[in-house]
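Data first, discussion second: the structure below is written as structure tokens.
These figures come from a predicted structure and were not determined experimentally. Numbers here are sequence positions counted from 1. Both backbone and side-chain heavy atoms feed into the values below; hydrogens, waters and symmetry mates do not.
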Amino acid sequence: QEWQNPFATWDPQDFCNISEIVLPMDAYWSPPVFILERVNGQNPELNYVVLTHNGSFNSTRPFQVTLTCSLIILKFPFDSQTCNLSIASFLYPVTELVMKTRRTPAEMMKDSQSFFLNDGEWKFTNLSILEFTEILDDKGFSVVTYVISMERRPTLYILNLILPTCALYLLDMAVLFGPSSLEEKINFQIAIVLGSSMLAVILNNSLPTSSNKPPIIGTH
């Protein structure tokens, strides 16, 4: 966060060439911001701000939060998701406080890719920024929304779910149209049904459930 305070300025030559100082956050006014999609998380312990002689405040506060995100898993495990991270301040209307991003989406995308886990389940694909005014109770409030796009890495699900399912269906067809006797076909079919049941249990534990529409792989 960066903001200006014209009442907190001084001439460095009058104070032993001191051009900046570190102060607690509660020493001066600081813009209160909220993450709208936040469920829970840890508040930062670095409650300090750097004040320069020209009245510029700079605060770097790391947050670790859990956000809500509406998932569309119809194409699981080949799905892509878009989640929003909205930062707003509903204590001051837009006539008193306007929030702007300092860096471009491309710069933030590069920094985000360096911090994001590259070997996890999700692949970070894009980041865009929306700056708009939210109308609430006939007042406008400044909001900055970071739109985060991700896509799932499907390799593990292909090996553990899709390939075994296809193998069971192919085996079922081979036994059904094979030259075996009726008794042997029944025994094979029972074994295949048991294997499909076990795979359905594994599939039920692996599929995400936070969506209005179930994934296609879970409906067949």
Inset, instruction - Specify whether Phe76 and Tyr157 have parallel, tilted or perpendicular ring planes, treating 30° as the upper limit for parallel and 60° as the lower limit for perpendicular. - result: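 Perpendicular.
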Within this structure, what is the [atom1]-[atom2] distance for the pair [X] and [Y], rounded to the nearest 0.5 Å?
| X | Y | atom1 | atom2 | result |
| --- | --- | --- | --- | --- |
| Ser59 | Met25 | OG | CE | 4.0 Å |
| Ile129 | Met109 | CD1 | CE | 11.5 Å |
| Lys110 | Leu127 | NZ | CG | 14.5 Å |
| Asn126 | Ser80 | CG | OG | 11.0 Å |
| Asn17 | Asp11 | CG | CG | 9.0 Å |
| Thr68 | Ile35 | OG1 | CD1 | 11.0 Å |

Is there a path from [X] to [Y] through hydrophobic residues (I, L, V, M, F, W, Y) whose side chains come within less than 4.5 Å of each other?
| X | Y | value |
| --- | --- | --- |
| Val147 | Met108 | no |
| Val33 | Leu130 | no |
| Ile87 | Val98 | no |
| Met150 | Val65 | yes |
| Leu91 | Phe57 | yes |

Any side-chain heavy-atom pair from [X] and [Y] closer than 4.5 angstrom?
| X | Y | result |
| --- | --- | --- |
| Ile21 | Phe15 | no |
| Asn58 | Thr52 | no |
| Asp79 | Leu74 | no |
| Gln1 | Pro31 | yes |
| Phe90 | Leu36 | yes |
| Leu156 | Pro77 | no |
| Val94 | Lys139 | no |

Legend entry - Residue from Trp29, Trp3, Phe141 passing ring pair (Phe, Tyr, Trp, His ring centres under 6.0 Å) with Tyr92: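 One option only clears the test, and that one is Trp29.
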Least distance between heavy atoms, [X] atom then [Y] atom:
| X | Y | result |
| --- | --- | --- |
| Ser89 | Pro32 | OG-O, 2.6 Å |
| Trp10 | Leu51 | CH2-O, 3.7 Å |
| Ala27 | Leu23 | CB-CB, 4.2 Å |
| Ser128 | Pro105 | CA-CB, 4.5 Å |
| Met99 | Val143 | CE-CA, 4.1 Å |

Legend entry - Gln13 atom CD, over 12 foreign heavy atoms within 6.0 Å: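 Incorrect, the count does not exceed 12.
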Legend entry - Exceeds 12 heavy-atom contacts within 6.0 angstrom, atom CG of Asp14: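 Correct, the count exceeds 12.
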Inset, instruction - Would you mind listing every salt bridge (Lys or Arg N to Asp or Glu O under 4.0 Å) that reaches into residues 98-109, with sequence neighbours excluded? - result: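 Every salt bridge (Lys or Arg N to Asp or Glu O under 4.0 Å) pair that includes a residue of residues 98-109, provided the two are not neighbours, is Glu2-Arg102, Lys100-Glu131, Arg103-Asp111.
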Is there a donor-acceptor pair under 3.5 Å between the side chain of [X] and the backbone N or O of [Y]?
| X | Y | answer |
| --- | --- | --- |
| Ser86 | Thr145 | no |
| Asn54 | Ser56 | yes |
| Arg153 | Trp122 | yes |
| Gln81 | Ile72 | yes |
| Thr125 | Ser149 | yes |

Inset, instruction - Considering only Ile, Leu, Val, Met, Phe, Trp and Tyr, and joining two whenever side-chain heavy atoms are under 4.5 Å apart, list the other residues clustered with Val22. - result: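 Besides Val22, the cluster holds Tyr48, Val50.
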Legend entry - Ring-ring centroid check Phe7 Tyr28, cutoff 6.0 Å: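 Ring centroids of Phe7 and Tyr28 are no less than 6.0 Å from each other.
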